[in-house]
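In this text the structure is predicted, and so the values were computed from the model without any measurement. Computed from heavy atoms alone, side chains included, the values below leave out hydrogens, waters and symmetry copies. We number each residue from 1, following the sequence as shown.
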Amino acid sequence: MDGSDGSDALPTPPAATAAADLKAAEQLILHWDPTSSPSDRMLFDGGDRAEAERYLHAVDEIRRPVRNSAGASGSPRKSGTPASTIQIAMVRLEDEFRHILVSRAIAFEIDSIVDLNSLSLPRSGSGDLASDLPEHDAAEEGLNLRRSAGSSGNLGGSSTPSYRSTSSIREIDLLPDDATQDLRSIADRMIAAGYGRECFQVYGSVRKSAVELCFRHLGIERLSIGDVQRLDWVALESKIRRWIRAARVCIRIVFASEHRLCDLIFAGLAGDDAPFVETVKGAAVQLLSFAEAISIGRRSPEKLFKILDLHDALTDLLPDVAVIFQSRALESLNTQVSDIIARLAEAARGILSEFENAVLREPSKIAVPGGTLHPLTRYVMNYISLISDYKQTLIQLIVSRPPAIHRLPGDDTGVVLPEVDLPEPARQSPLASHLIWIIFVLQFNMESKAQFYTDAALSHLFLMNNVHYIVQKVKGSPELQEMIGDNYLKKMTAKFRQLANSYVRATWVKILHCLRDEGLYVGGSFSSSVSKSTLRDRFKAFNAAFDEVHRTQAAWLVPESQLREELRISIAEKLLPAYRAFLGRFRQHIESGRHPEMYIKYSAEDLEIALSDFFEGCPPPLHGRRKSH
């Protein structure tokens with residue numbers, strides 16, 4: 001009989017232990033089979049963490065025999081008891097993966113966690129083109145990306161978000177750290193089991209919906225290139241402003257944060273950023289299609305500044321685009337942004353050239369009433385003042401100077417414009433030369449329009465008003481004055497003073513001619529007696545001429561108050577001393593005769609008062625404003 005002690009148990013064979021562990025793992029996975037026992041309960045719901053850990057351990061356990069058989073079958077997804085259990089496990093993990101992505105996403109409001117101004121370009125906004133071009137809107141719109149907890153495509157719960165800054169990029173935590181770790185654990189098992197494609201599709205579907213929600217809150221519409229090009233300019237300008245703000249947020253916050261989340265979950269598990277590509281490529285293409293449509297759209301002068309805004313915004317974003325879209329699958333987006341920037345630059349150059357031709361050929365042939373400022377002058381000078389606000393960009397884009405000789409575009413008569421003294425290339429930029437050229441062709445156009453006036457004095461006054469406005473606009477902009485240069489500004493100042501003198505001569509020489517002494521003496525010498533009849537005729541001629549000028553030129557308009565007053569003073573300095581002297585020498589000859597009031601109609605003070613009616617743009621008072629003699 002064997003005397004050995006029965007208490008000495010034999011060790012369990014390793015194969016038996018492995019079989020028992022595999023059976024326990026299969027039972028746990030089948031227990032959570034969503035097809036056989038549907039339940040709303042989720043393993044990774046934040047409750048019993050131990051159960052979630054046991055489930056992941058069970059998945060690892062049943063994958064061992066599948067891995068061993070994969071060498072022979074060539075596929076870890078081959079049918080069989082362990083493989084079918086793997087399929088059940090993958091369905092559960094896919095559901096858990098989706099649930100975590102949807103339920104644990106952090107709700108956030110972009111404008112509450114990052115200063116939008118820090119996402120903007122250095123130029124906070126451009127001036128307007130008076131009433132001639134729309135004003136740039138400086139107000140930033142709120143970017144609320146929060147959805148209610150029960151809504152479809154919910155971005156998450158109530159966790160407080162944080163973000164990381166890399167230069168201009170703001171990386172927001174889209175999910176809590178524990179949720180990110182759970183997602184990585186699930187993704188690791190699914191990819192290892194050959195279910196990477198399903199994992200990526202779930203991830204892409206959920207995060208794509210989140211990105212689309214951001215787009216809706218940012219006002220990014222799904223418009224085709226044709227849709228964009230059919231919009232009227234007022235609507236399009238507003239959309240460009242909104243798009244620029246939205247693009248900064250999308251690239252520097254939304255796409256950057258999606259890229260970071262993808263890295264946290266899939267780094268080292270999946271190649272070529274497939275989940276990130278699945279999430280953002282469609283949205284990025286949609287975003288860029290708007291700028292693409294603008295870059296190839298119809299050109300017109302009013303679009304220049306928004307095109308430059310787009311150009312500057314995309315140029316500013318290009319380094320961030322290169323960082324975020326560095327995957328080989330997203331290289332086309334980098335190329336697309338660079339191509340759009342190049343096309344916007346070419347559009348800006350083309351618009352500036354077309355604007356020069358439009359200024360030269362502006363077709364109106366009706367004289368402006370009263371010789372006041374022509375609307376074209378106001379428009380052009382406000383336009384080039386805005387151009388000077390974009391100096392830094394345009395200096396880089398405008399690299400060629402205007403040609404030395406210009407013919408009227410489309411003119412077969414061979415008319416050549418006068419030469420203009422452009423600054424030397426070594427001293428000023430090509431942009432400065434173009435601005436001087438625009439002013440020159442504007443002045444040339446105004447000189448052509450001045451010929452529509454039959455009155456030479458009014459023609460001179462019209463040109464004086466317009467050249468003076470040009471000078472004042474240049475002086476009012478330090479950037480513009482620097483580019484135009486003092487030499488050209490001095491020439492323009494001398495020009496309007498010359499025109500003012502020409503006006504004075506054209507109007508007042510004839511009137512002052514009535515106040516000369518020649519021809520008043522009977523014997524022809526100053527010692528002879530005065531011819532009273534000739535003297536009466538002189539006073540009558542003066543009165544008639546002054547009355548006509550007063551009536552006519554009160555309706556003429558010099559809109560700039562200082563210039564208007566300077567012109568009146570210039571007239572008074574010539575007229576009043578001559579009239580006082582003439583009246584002093586010959587008054588007694590009229591007053592000694594009959595009805596002197598018929599000939600001495602004005603005192604010097606009356607003339608001075610009447611001069612205050614000149615250039616007001618309205619008829620003078622019916623009865624005048626005369627003092628008593």
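- For the pair E198 (side chain) and E94 (backbone), a donor-acceptor distance under 3.5 Å is absent.
- A distance below 6.0 Å separates the ring centres of F305 and Y383.
- Smallest separation of non-hydrogen atoms from L101 and Y203: CD1-CA, 3.7 Å.
- Applying the side-chain contact (heavy atoms from CB on, under 4.5 Å) test between S338 and each of L314, L318, L333, V321 identifies L318 as the sole match.
- Minimum heavy-atom separation, I172 to S257: N-OG, 2.7 Å.
- Taking all atoms of both residues into account, the shortest heavy-atom contact from A329 to V277 is CB-CG2, 3.8 Å.
- With salt bridges taken as basic N to acidic carboxylate O contacts below 4.0 Å, none links E331 and R328.
- Comment: D309 engages K306 in a salt bridge, judged by a side-chain N to carboxylate O separation of less than 4.0 angstrom.
- Between the side chain of K303 and the main chain of R298, a donor-acceptor pair closer than 3.5 Å is present.
- D316 and R252 are joined by a salt bridge, as a carboxylate oxygen and a charged side-chain nitrogen come within less than 4.0 angstrom of each other.
- Under the 4.0 Å criterion applied to side-chain N and carboxylate O atoms, E346 and R343 are not assigned as salt-bridge partners.
- In this structure, the side chain of S209 engages the main chain of S205 through a donor-acceptor pair within 3.5 Å.
- Side-chain atoms of T279 and R207 form no donor-acceptor pair, as typed in the model, at a separation below 3.5 Å.
- Under 3.5 Å, the side chains of D312 and T315 contain no donor-acceptor pair of N or O atoms.
- Between D227 and R222 there is no salt bridge, since no side-chain N of the basic residue sits under 4.0 Å from a carboxylate O of the acidic one.
- Checked against V202 for a side-chain contact (heavy atoms from CB on, under 4.5 Å), the options R197, R98, E278, M190 give a single hit: R98.
- Considering all non-hydrogen atoms of both residues, V211 and F255 come closest at CG1-CE2, 4.0 Å.
- If you look at F276 and F266, their ring centroids are not closer than 6.0 Å.
- In plain terms, the two heavy atoms of A348 and L397 that are nearest each other are CB-CD1, 4.2 Å.
- Between E212 and K208 there is no salt bridge, since none of the side-chain N atoms of the basic residue sits less than 4.0 Å from a carboxylate O of the acidic one.
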